[in-house]
Amino acid sequence: MPTPSATRRHALRALAALLLPAAATRSVAAAGADPSEAAADCVIPAKAGGGFALTCALARDALQAVRPARSPLAQRYLPGGIGAVAFDRVATGRLGGPGTLVAFSSGSLLNLAQGRFGPHSPSAVRWIATLGTDYGVIAVHRDSPYQRLQDLVAALRQEPSRIAFGAGGTVGSQDWVKAALLVRAAGRDHKAMRFVSFEGGGEALGALQGKHVDAFPGDAAEALQAIAGGAAVRLLGVLSETRLGGALTGVPTAREQGVDIVWPTVRGLYLSANVPDAAVRAWTAAFAEATAAPGYAALRERHGLYPFALTGAALDAYVQARIKTYQALADELGLRRWKP
């Protein structure tokens with residue numbers, strides 16, 4: 001006579017056999033569905049208030065404009081290493097799937113170029129789309145004695161350690177690189193500067209607002225967002241090739257002020273490399289449609305970004321080219337690079 005435990009095991013096996021076809025059918029149906037039409041998440045790999053949050057908000061609004069029947073793209077925060085934790089989890093399969101997009105920026109590519117995202121190559125994820133480009137800025141508190149970028153450069157020339165820079169990321173991050181290039185432009189050794197690390201631009205801007213740091217080498221969109229929210233922040237210069245329009249019309253470029261620094265910050269999205277090719281094609285097509293839609297330019301401008309939309313092979317080529325450029329820059333600044 002079978003024991004009670006054997007009977008239970010037999011019953012469980014029988015139940016599993018009955019349920020398996022239905023589960024398999026659902027799995028196949030889900031795999032065949034267009035993920036850009038279904039519920040999905042956009043992972044923000046930092047704390048609130050920075051550029052990654054802006055990227056996911058723009059992705060949500062742009063998708064909704066061309067896919068009005070879909071559920072709005074949900075926003076999820078996963079801070080850690082300014083994108084390192086999220087990238088590692090996606091690359092190792094602990095996070096991902098056709099319904100999980102992750103925000104990235106030029107700063108992500110810079111960290112990836114240095115091996116700061118773990119033992120992963122750029123092919124560990126699928127690059128889906130860029131939504132636009134931001135530009136670096138140098139900002140101070142509204143009450144700061146530094147009225148122009150030249151004033152800050154003069155102070156750095158006297159003594160670089162007297163200025164406390166505060167921004168997202170640690171040594172080697174894109175905000176650190178902006179500060180390092182500014183110190184070098186002042187004719188001093190960038191290794192002598194003071195840099196306070198924060199988990200994202202929003203946190204760093206809060207520190208600037210509280211006068212805990214002297215300068216913010218961040219990005220224009222997040223700084224403008226903070227100013228629109230009432231933050232007492234003044235922009236000394238924008239790191240673009242030429243003067244920009246919109247809310248930055250009155251802000252001179254660093255080049256206009258004798259400081260030859262240009263730093264574009266491209267913003268976009270990636271997926272796990274393990275998702276089906278059909279899902280990659282679906283998301284790529286969705287964002288290609290969204291960024292080409294008649295109302296997208298105005299939407300992008302409301303989020304403080306400028307034109308730079310890439311998908312597919314063009315985006316893959318861009319990522320590879322930027323990583324090579326950033327590797328050379330890291331070597332120039334004496335930054336350690338870990339190879340995948």
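- The aromatic rings of Y270 and F104 sit tilted relative to each other, their planes meeting at an angle between 30° and 60°.
- Salt bridge E159/R194: absent, no basic N to carboxylate O contact under 4.0 Å.
- Salt bridge annotation for E37-R70: absent, with no cationic side-chain nitrogen under 4.0 angstrom from a carboxylate oxygen.
- Taking OH of Y296 as the reference point, atom OG1 of T291 lies at 6.0 Å (rounded to 0.5 Å).
- Checked for salt-bridge contact, E241 and R255 miss the test: no charged N lies under 4.0 Å from a carboxylate O.
- Checking side-chain atoms of D189 against main-chain N and O of K191 turns up a donor-acceptor pair under 3.5 Å.
- Not one N or O on the side chain of D41 forms a donor-acceptor pair closer than 3.5 Å with the backbone of V43.
- Distance check, rounded to the nearest 0.5 Å: CD1 of I323 to CG of L110 gives 9.5 Å.
- In this structure, L299 CG and Q64 CD are separated by 11.5 Å, a value rounded to the nearest 0.5 Å.
- At distances below 3.5 Å, at least one donor-acceptor pair connects side-chain atoms of Q75 with backbone N or O atoms of L73.
- Using the six-membered ring where Trp is involved, W263 and Y326 have ring planes that are parallel, under 30° apart on the 30 and 60° scheme.
- C56 SG to I44 CD1: the interatomic distance, rounded to the nearest 0.5 Å, is 4.5 Å.
- Proximity of a side-chain donor or acceptor of N111 to a complementary backbone N or O of S108 within less than 3.5 Å is not detected.
- The backbone N or O of G168 lies less than 3.5 Å from a partner atom in the side chain of D175, making a donor-acceptor pair.
- Between the E203 side chain and the F198 main chain, no donor and acceptor come within less than 3.5 Å of each other.
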Item to check | Steps toward side chain to side chain contact (heavy atoms under 4.5 Å, CB included) verdict (R89, L78) | outcome: CA-CA 10 Å; R89 290 190 183 178; L78 182 59; 3.5 Å; yes
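- S240 places no side-chain N or O within donor-acceptor distance of the main-chain N or O of R243, the cut-off being under 3.5 Å.
- Under the 3.5 Å distance criterion, the side-chain polar atoms of Q320 are left unmatched by any main-chain donor or acceptor of A317.
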Next on the checklist: Please determine whether side chain to side chain contact (heavy atoms under 4.5 Å, CB included) holds for the pair T311 and T130, giving the CA-CA distance in whole Å, both sets of side-chain angles, and the decisive distance to 0.1 Å.
Outcome noted: CA-CA 7 Å; T311 57; T130 57; over 6 Å; no
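- Considering all non-hydrogen atoms of both residues, G97 and L271 come closest at O-CD2, 3.9 Å.
- Side chain of R188 to main chain of R157: a donor-acceptor pair is present (N/O by atom type, distance under 3.5 Å, no hydrogens or angles).
- Two residues are said to be in side-chain contact when any heavy atoms from C-beta on lie closer than 4.5 Å; T133 and R267 fail this criterion.
- With R234 contributing its side chain and Y146 its backbone, the two residues share a donor-acceptor pair below 3.5 Å.
- The existence of a salt bridge linking D88 and R94 is confirmed by a sub-4.0 Å separation between a basic side-chain nitrogen and an acidic carboxylate oxygen.
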